Amino acid sequence: MVDDNPLKHSKNRTLGDLSVSGRSGIQFPSLDVPEQEGLPKELLREEYVKLPELSELDVVRYFTNLSQKNFSVDTNFYPLGSCSMKYNPKINDAVASLPGFARLHPLQENAFIQGSLELMYELQSSLMELTGFSGSSLATLAGAHGELAGVLMIKAYHESNGDSQRNVILIPDSAHGTNPASAAMAGFSVATIPSDSNGNMDVDAVRSLAKDNLAGAMITLPSTLGLFDTSIVEICQIIHEAGGLIYCDGANMNAILGRVRLSDLGFDVVHLNLHKTLSTPHGGGGPGSGPVCVGEKLLTFLPSPVVTKSNGKEGTHFNLSDPVNSIGKVAAFHGNFGVLVRAYAFVRALGLTGLRHVSGDAVLNANYILSSLKDVYKVAFDRKCMHELVLSLSPQKSKGVKALDVSKRLIDYGIHPPTMYFPLVVEEALMIEPTESETKETLDSFIEIMRKIAIECEENPDVILSAPNFAPIGRLDEAMAARRPNLRQVY
Ligand SMILES: *Cc1c(COP(=O)(O)O)cnc(C)c1O
């Protein structure tokens, strides 16, 4: 199967390689204006530009093939942990593209966009129902943006109580890097909550950190270890008793949709990644949306605008409002409206029962993979996982094959690598999130491939160390490829 991979035939072929001197895809018409005389000599080219010379068909094939090298969840399995790269039903894109939504101008009068404001109002209500909170703002444009808005609200809350000495935020050692970054951007210092041997937060450590300077905590639930922290209620109580507020990083909501209301556990504020959990294609930087939902204490601090509803003589009217103690505007206009439309369509199509199926199937699929691989790979914590599982490839590493190598080998089999080396507390971590949308056949095929790779690690490590063996490009300098991509065609 792998040897026939068609990608190997197109390795390193550029337009320059295809160029044949004198070949052309177009014929220019003859000049129908007088030729210009007397242009300054220094502006005239002395040599022809070296452009590739190609037929039209060469160009069409080249770019069509290039477009097919994009990896996406629409083409292959994409188990990128913590990112919920689930299939996003096309109907949601179609709804967001309806001209009445897609062609709105952000400066249109509220009176002319009542339908769109109603959609935002209804989405706020659905997110409040899903989280159990009493207020919501859709203004924030990404998960990390929601985090920043959340901690700024916590800061404004303490300041309004005259508690500006509260300047420490607790964050577990398994957290996504955006959590400490957001807390620091909001001016807090960060103290780390260590994980215990089961992957839960260490309750005693939280107790010892809960002092007068405590502003609150940022906790991911389920954690980025893919685990539901069984101490969460106790930890929220300890933090509340010390006067802190608790932020939930809700990026992993796919695991608990329709089953757990975060407010019931003790959280005060959460962000939801609509582009992960509620159906917007993502990757490559956006657009996304990270609405925040809050309990009573933070209701008046929400970022503006919040959509409100009034019932007057002329009927129901939807307005854009600024909560009284609002931390202010955090983005232009109304948020990423197209993403909001997709989320609304998704929620309405599935309903609460459907959303419960989402989380049920997401967790079932992850546990199916976990139980089918744990005899050949070491699992980071041997207990039931939520929507994702974390393997540790430390035993393979001791034989010379790292988590990175196994990830690269998966590319040979047409599978997107899992998240690697995260969470940081697991050595040689591979974090696998299958999502709810994959069939049992796809999961079985992934399991078979992972088991084959486990054997290769023992018997034929060279084929893993040289992977990807069939992709057009091998191992990139990942940091530089993202920061300074070379997008120029070289001839
Ligand atoms: C993805 C993610 C974030 C950040 O979300 P963005 O939309 O990428 O800013 C934060 N926390 C966790 C746990 C995540 O998985």
Side-chain angles (χ1 to χ4, degrees), residues 77-85 172-176 193-202 219-232 251-252 254-256 359-410 413 415-436 438 440 442-459 461 464:
F77 187 43
Y78 204 140
L80 189 66
S82 211
C83 288
S84 300
M85 300 302 281
D173 56 7
S174 60
H176 196 261
I193 308 174
S195 302
D196 68 16
S197 56
N198 283 323
N200 289 332
M201 284 173 281
D202 183 333
I219 295 173
T220 311
L221 194 83
S223 72
T224 57
L225 295 164
L227 304 174
F228 192 94
D229 194 315
T230 46
S231 322
I232 188 65
N252 293 340
N254 214 44
I256 55 174
S359 50
D361 289 350
V363 172
L364 182 64
N365 286 354
N367 278 286
Y368 181 62
I369 294 178
L370 176 67
S371 59
S372 307
L373 290 182
K374 70 179 188 182
D375 59 327
V376 286
Y377 289 97
K378 179 177 163 190
V379 293
F381 296 96
D382 192 8
R383 53 187 263 204
K384 220 179 262 170
C385 67
M386 296 297 287
H387 61 305
E388 60 197 4
L389 58 135
V390 182
L391 302 178
S392 167
L393 272 76
S394 51
Q396 282 79 5
K397 190 188 178 188
S398 64
K399 296 187 184 134
V401 179
K402 301 193 295 295
L404 172 93
D405 303 314
V406 168
S407 293
K408 298 292 182 192
R409 182 62 173 152
L410 280 168
Y413 288 97
I415 292 171
H416 194 285
T419 295
M420 352 174 250
Y421 299 104
F422 177 75
L424 304 176
V425 289
V426 176
E427 198 195 341
E428 292 295 317
L430 279 187
M431 180 199 253
I432 298 164
E433 180 180 8
T435 80
E436 73 278 12
E438 300 296 340
K440 180 164 179 297
T442 302
L443 302 180
D444 283 336
S445 144
F446 173 69
I447 290 162
E448 194 191 318
I449 289 165
M450 284 295 285
R451 296 185 69 89
K452 231 189 250 174
I453 293 176
I455 296 171
E456 287 175 348
C457 288
E458 301 285 334
E459 296 177 357
I464 301 183

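Because the structure is a prediction, the values reported are computed rather than measured. Residue indices begin at 1 and follow the sequence shown.
- Between Leu393 atom CG and Ile453 atom CD1 the span is 10.0 Å, to the nearest 0.5 Å.
- Checked against side-chain contact (heavy atoms from CB on, under 4.5 Å), Asn200 has the following partners two or more places apart in sequence or in another chain: Asp196, Asn198, Asp229, Thr230, Ser231, Arg383.
- Put simply, the side chain of Ile432 reaches to within 4.5 Å of the side chain of Leu391, judged on heavy atoms.
- Relative ring orientation between His176 and Phe422 is described as perpendicular, the plane-to-plane angle rising above 60° on a 0-90° scale split at 30° and 60°.
- Within the 4.5 Å cutoff, the side chain of His416 has no heavy atoms near those of the Met85 side chain.
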- request: Kindly determine whether Lys402 and Asp405 satisfy side-chain contact (heavy atoms from CB on, under 4.5 Å), including the steps that lead there.
  value: CA-CA 5 Å; Lys402 301 193 295 295; Asp405 303 314; 3.5 Å; yes

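- Minimum heavy-atom separation, Pro418 to Leu410: CD-CD1, 3.5 Å.
- Using a distance-only test at 3.5 Å, with no hydrogens or angles considered, a donor-acceptor pair links the side chain of Ser371 to the main chain of Tyr368.
- Every residue meeting the side-chain contact (heavy atoms from CB on, under 4.5 Å) condition with Ser84, not counting sequence neighbours, appears here in chain and number order: Asn254, Lys276, Glu433.
- Here the closest non-hydrogen pair linking Leu225 and Ser195 is CD1-OG, 4.3 Å.
- A donor-acceptor distance shorter than 3.5 angstrom exists from the side chain of Tyr421 to the backbone of Leu404, with no hydrogens or angles considered.
- Looking at heavy atoms from C-beta onward, Ile464 lies in side-chain contact with Cys457 at the 4.5 angstrom threshold.
- Scanning both residues, Leu227 and Lys384, for their nearest heavy atoms gives CD2-O, 3.9 Å.
- In this view, Ala429 and Val390, Val426 satisfy the side-chain contact (heavy atoms from CB on, under 4.5 Å) rule, not counting sequence neighbours.
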- prompt: Taking it one step at a time, do Phe446 and Glu438 satisfy side-chain contact (heavy atoms from CB on, under 4.5 Å)?
  reply: CA-CA 11 Å; Phe446 173 69; Glu438 300 296 340; over 6 Å; no

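- Atom OG in Ser445 sits 10.5 Å away from atom OH in Tyr413 (nearest 0.5 Å).
- When side chains are defined from C-beta on, Asp173 does not count as touching Leu424, because their heavy atoms never get closer than 4.5 Å.
- Separating the CD1 atom in Ile232 from the CD1 atom in Ile219 is a distance of 4.5 Å, to the nearest 0.5 Å.
- Looking at Val376 and Met450, their side chains never come closer than 4.5 Å, going by heavy atoms from C-beta outward.
- Considering only heavy atoms from C-beta on, Gln396 comes within 4.5 Å of Tyr377 through its side chain.
- Looking at Thr224, its side chain does come within 3.5 Å of a backbone N or O of Ser174 through a donor-acceptor pair.
- Under a 3.5 Å cut-off, the side chain of Asn252 and the backbone N or O of Pro222 do form a donor-acceptor pair.
- Scanning for side-chain contact (heavy atoms from CB on, under 4.5 Å) contacts around Ser359 gives Leu257, Arg259, with sequence neighbours left out.
- For residues 386-401, the salt bridge (charged side-chain N to carboxylate O under 4.0 Å, His left out) pairs, not counting sequence neighbours, are Lys397-Glu428, Lys399-Glu458.
- In this structure, the side chains of Ile256 and His387 stay at 4.5 Å or more apart for every pair of heavy atoms.
- A distance-only check finds a donor-acceptor pair linking the side chain of Ser392 to the backbone of Glu427 [under 3.5 Å].
- Of the possible polar contacts, none joining the Asn365 side chain to the Ala362 backbone as a donor-acceptor pair under 3.5 Å is found.
- Every pair passing salt bridge (charged side-chain N to carboxylate O under 4.0 Å, His left out) that includes a residue from residues 365-380 is listed here, sequence neighbours excluded: Lys374-Asp382, Asp375-Arg451.
- Note that CD1 of Ile415 is 3.5 Å distant from CD1 of Ile449, once rounded to the nearest 0.5 Å.
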